[in-house]
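Order of the sequence lines fixes the chain letters, A, B, ..., with proteins taken first and strands second; residue numbering starts at 1 for each chain.
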Number of protein chains: 2
Amino acid sequence: MPKRVDVRERRTLIADALMRVAAAQGLEAVSVRHVAAAAGVSVGMVQHYFRTRDEMMVFALDVVRDRNQARVTAALSALGPDPQPRAMLRTLLVTVLPLDEQSRADGLVALAFLAYTAVRPAGVKSDDTAQMLGFIASLLPDPDAAVGVLALMEGLGMYVLGGQYTAEQALKALDAQLDLLF
Amino acid sequence: MPKRVDVRERRTLIADALMRVAAAQGLEAVSVRHVAAAAGVSVGMVQHYFRTRDEMMVFALDVVRDRNQARVTAALSALGPDPQPRAMLRTLLVTVLPLDEQSRADGLVALAFLAYTAVRPAGVKSDDTAQMLGFIASLLPDPDAAVGVLALMEGLGMYVLGGQYTAEQALKALDAQLDLLF
DNA sequence: GTTTTTGCAATACGATCGTATTGTCAAGCG
DNA sequence: CGCTTGACAATACGATCGTATTGCAAAAAC
């Protein structure tokens, strides 16, 4: 056998290139060749790690989700021990909003993937929504309000991505909602 | 000159076919040939009415927006004279939510277009958001809450489209929010 | 009746796509 | 030292893409 290689790392390298292409030119521009070029590797190598384009897409989608999850976890644990529920919730929501340039790129990719998966009948959809919903509900005086809170966050993120809302507007709306709920 | 033809009608016919393709297989599947086939016309005819694929897309996007606008207007005027602000607002929001099969298809197309236009720098984006925002604000006890209301609606629509929320959940969350605001 | 112009169809062209095939080089095993 | 095998690279193939080109029937203009 030749040099053993960290498969996961190689796949992630390619997925990163995919996301750069998708953030810059949309999912339509994500072809095996483009991604290979963006990653600075050969088409053959991409094929070596992903048998089909779809496999590559699904993996990239997973990476995006994991990144978001990690961001949230990091932000929450940065709050120190025993934070107030409201502070935790606000941190969670702010973290997911596409406010800085990096999370904005991630948001664009996630949006593209959302439209992508909305059509695919063979759902690769994990139910991290249900999990998120449960977590939000546990922080809320009225657990039933979690559905609305999550939707509000998603909508705010949408409009920030689209440029119709500024980051300040989104944060203000979010805090106003927290004032109503707590 | 030969038989004069209603250009707008022909264009709309093609745009309708485009939307059927997009709703069924996503925007990726929207090619000139596919749309022509779905419309039951020749490729040449599509080219006759749209010089480029992008022109066709932009027109279809306009059609979707006009349809939504018309739906809202119709629903509002069906309320009769001098309706209460809260009733108007609820009608507006419910109308835009993708609850039935037709508006669900429209929502899918709109979502696909959202991801499509998010990348295009040469924005074809009209600011119907600002208009909608102003209208919502005029119905609300606290006009500043309009930003959140619009975002909530968008987010609810998103999750309903994605299948994570049921129509009942979305309506419940919406009514809960209206209870908070009125 | 001729001419002009619109409405469309057919086809061709070059680019790009996803993927299959094939070859090659290096590293570990016996 | 062979020999196998994993990690690529190169290229080929057929399909599909957007669009340009060409042709033609029919109706209005003259």
Side-chain angles (χ1 to χ4, degrees), chain A residues 1-22 24-61 112-113 115-117 119-122 124, chain B residues 1-22 24-61 112-113 115-117 119-122 124:
Chain A
M1 314 166 182
K3 50 184 170 180
R4 296 306 311 256
V5 150
D6 186 339
V7 173
R8 178 109 202 153
E9 180 220 324
R10 286 282 206 262
R11 282 205 227 257
T12 306
L13 177 95
I14 295 171
D16 279 337
L18 187 155
M19 294 189 284
R20 263 176 286 150
V21 172
Q25 292 145 257
L27 265 199
E28 297 198 274
V30 172
S31 71
V32 175
R33 282 164 237 260
H34 277 156
V35 171
V41 303
S42 74
V43 176
M45 171 155 164
V46 174
Q47 281 194 271
H48 184 71
Y49 289 103
F50 300 105
R51 290 183 310 187
T52 67
R53 184 186 105 114
D54 247 57
E55 204 177 291
M56 178 175 74
M57 302 271 255
V58 169
F59 181 85
L61 176 55
F113 272 116
Y116 176 76
T117 54
V119 160
R120 298 256 170 303
V124 272
Chain B
M1 312 167 185
K3 51 182 172 180
R4 298 304 313 253
V5 152
D6 186 339
V7 174
R8 176 113 202 153
E9 181 221 323
R10 286 280 207 264
R11 283 207 228 256
T12 306
L13 176 95
I14 295 172
D16 279 336
L18 187 154
M19 294 189 283
R20 277 193 307 264
V21 173
Q25 293 146 258
L27 265 198
E28 298 197 274
V30 172
S31 71
V32 174
R33 281 164 238 260
H34 278 156
V35 171
V41 303
S42 74
V43 175
M45 172 155 163
V46 174
Q47 282 193 273
H48 185 72
Y49 290 103
F50 301 104
R51 291 184 309 186
T52 67
R53 184 186 105 114
D54 246 59
E55 204 176 294
M56 179 176 71
M57 302 272 254
V58 169
F59 182 85
L61 177 55
F113 271 117
Y116 177 75
T117 54
V119 160
R120 299 256 169 301
V124 273

Interatomic distance where CG belongs to A/Leu27 and C1' belongs to C/dG18 [whole Å]: 16 Å
Value in whole Å for how far the C1' atom of C/dT16 lies from CZ of B/Arg53: 13 Å
Residues touching DNA chain C, which here means a heavy atom under 4.0 Å, drawn from residues 34-47 of chain B: B/Ser42, B/Gly44, B/Met45
B/Asp54 CG to D/dC17 P, straight-line distance once rounded to whole Å: 16 Å
Selection residues 29-38 of chain B - residue pairs positive for salt bridge (Lys or Arg N to Asp or Glu O under 4.0 Å), sequence neighbours left out: none
Salt bridge (charged side-chain N to carboxylate O under 4.0 Å, His left out) partners of A/Arg53, counting only residues at least two apart: B/Glu28
Quick test: give all pairs of protein nitrogen or oxygen and nucleotides 13-15 of chain D nitrogen or oxygen below 3.5 Å, distance rounded to 0.1 Å.
none

OP1 or OP2 of D/dC17 under 4.0 Å from side-chain N/O of B/Ser31: yes
Residues which pass salt bridge (charged side-chain N to carboxylate O under 4.0 Å, His left out) with B/Arg8, listed by chain and number, not counting sequence neighbours: none
Minimum heavy-atom distance B/Val32-B/Val46, with the two atoms named: CG1-CG1, 3.9 Å
Non-neighbouring partners of B/Ala112 that pass side chain to side chain contact (heavy atoms under 4.5 Å, CB included), sequence neighbours left out: B/Leu27
Gap between atoms CZ and P, on B/Phe50 and D/dG18 respectively (whole Å): 14 Å
Per A/Thr52 side chain, nearest of listed nucleotides D/dC17, C/dT19, D/dC8: C/dT19
Any pair counted as salt bridge (Lys or Arg N to Asp or Glu O under 4.0 Å), so long as it reaches residues 11-20 of chain B, sequence neighbours left out: B/Asp16-B/Arg67
Rounded distance in Å - CG (B/Leu13) to P (C/dG7): 15 Å
Rounded distance (Å) that lies between atom P of D/dG6 and atom CG of A/Asp6: 17 Å
Residues forming a side chain to side chain contact (heavy atoms under 4.5 Å, CB included) with B/Val21, sequence neighbours excluded: B/Ala29, B/Val30, B/Ala38
For the student: nearest non-hydrogen atoms of B/Ala115 and A/Ala115, plus distance: CB-CB, 4.3 Å
Short side-chain N/O contact from B/Arg51 to OP1 or OP2 of D/dA20, under 4.0 Å: no
B/Met56 CE to D/dC17 C1', straight-line distance once rounded to whole Å: 12 Å
Set of ring-ring contact (aromatic ring centres under 6.0 Å, His included) partners for B/Tyr49, sequence neighbours left out: none
Below 4.0 Å: OP1/OP2 of C/dG7 and any side-chain N or O of B/His48: yes
Length of the CD-C1' vector between B/Glu28 and C/dT16, whole Å: 15 Å
